[in-house]
Amino acid sequence: MTEACGTLQRSALIRYRHGHITVVDRAGLEAAACECYATAVTAYTELLGALVDRTPSNASSKAAPR
């Protein structure tokens with residue numbers, strides 16, 4: 001983990017300090033990632049869309065009773 005973060009930090013894509021990671025250049029980080037990232041994003045988006053499609057349209061507008 002430390003080696004990978006060091007490499008990404010030297011490439012100015014992230015900042016890494018004391019276990020905290022800050023993305024500095026998201027587009028650059030995505031470009032540096034393998035095609036697995038794009039595949040995972042696509043799958044997640046499709047899954048999320050499928051879950052949203054199954055939710056009744058009025059479910060989010062109902063307030064919980066107090």
Side-chain angles (χ1 to χ4, degrees):
M1 177 74 174
T2 302
E3 186 176 329
C5 286
T7 300
L8 294 171
Q9 186 164 265
R10 284 188 296 279
S11 298
L13 299 173
I14 67 166
R15 276 187 303 220
Y16 177 70
R17 185 173 174 172
H18 301 293
H20 296 278
I21 300 171
T22 303
V23 175
V24 176
D25 180 358
R26 182 182 175 117
L29 189 58
E30 289 180 18
C34 70
E35 66 278 359
C36 301
Y37 176 77
T39 301
V41 168
T42 300
Y44 178 79
T45 302
E46 289 173 358
L47 175 62
L48 186 61
L51 293 174
V52 170
D53 289 344
R54 293 182 188 165
T55 304
S57 60
N58 62 357
S60 63
S61 64
K62 290 184 178 179
R66 293 183 184 240

Give the table of side-chain donor-acceptor pairs shorter than 3.5 Å for residues 39-48, with sequence neighbours excluded, one pair per line with atom names and distance.
{"from": "Thr39", "atom 1": "OG1", "to": "Glu35", "atom 2": "O", "distance (Å)": "3.1"}
{"from": "Thr42", "atom 1": "OG1", "to": "Ala38", "atom 2": "O", "distance (Å)": "2.9"}
{"from": "Thr45", "atom 1": "OG1", "to": "Val41", "atom 2": "O", "distance (Å)": "2.8"}

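- A distance of 10.5 Å separates CZ of Arg10 from SG of Cys5, quoted to the nearest 0.5 Å.
- Glu30 CD to Asp25 CG: the interatomic distance, rounded to the nearest 0.5 Å, is 9.5 Å.
- A continuous path of hydrophobic side-chain contacts links Leu8 to Ile21 [ILVMFWY only; heavy atoms under 4.5 Å].
- Hydrophobic clustering places Leu13 together with Val23 (ILVMFWY residues linked when any side-chain heavy atoms are closer than 4.5 Å, directly or through intermediates).
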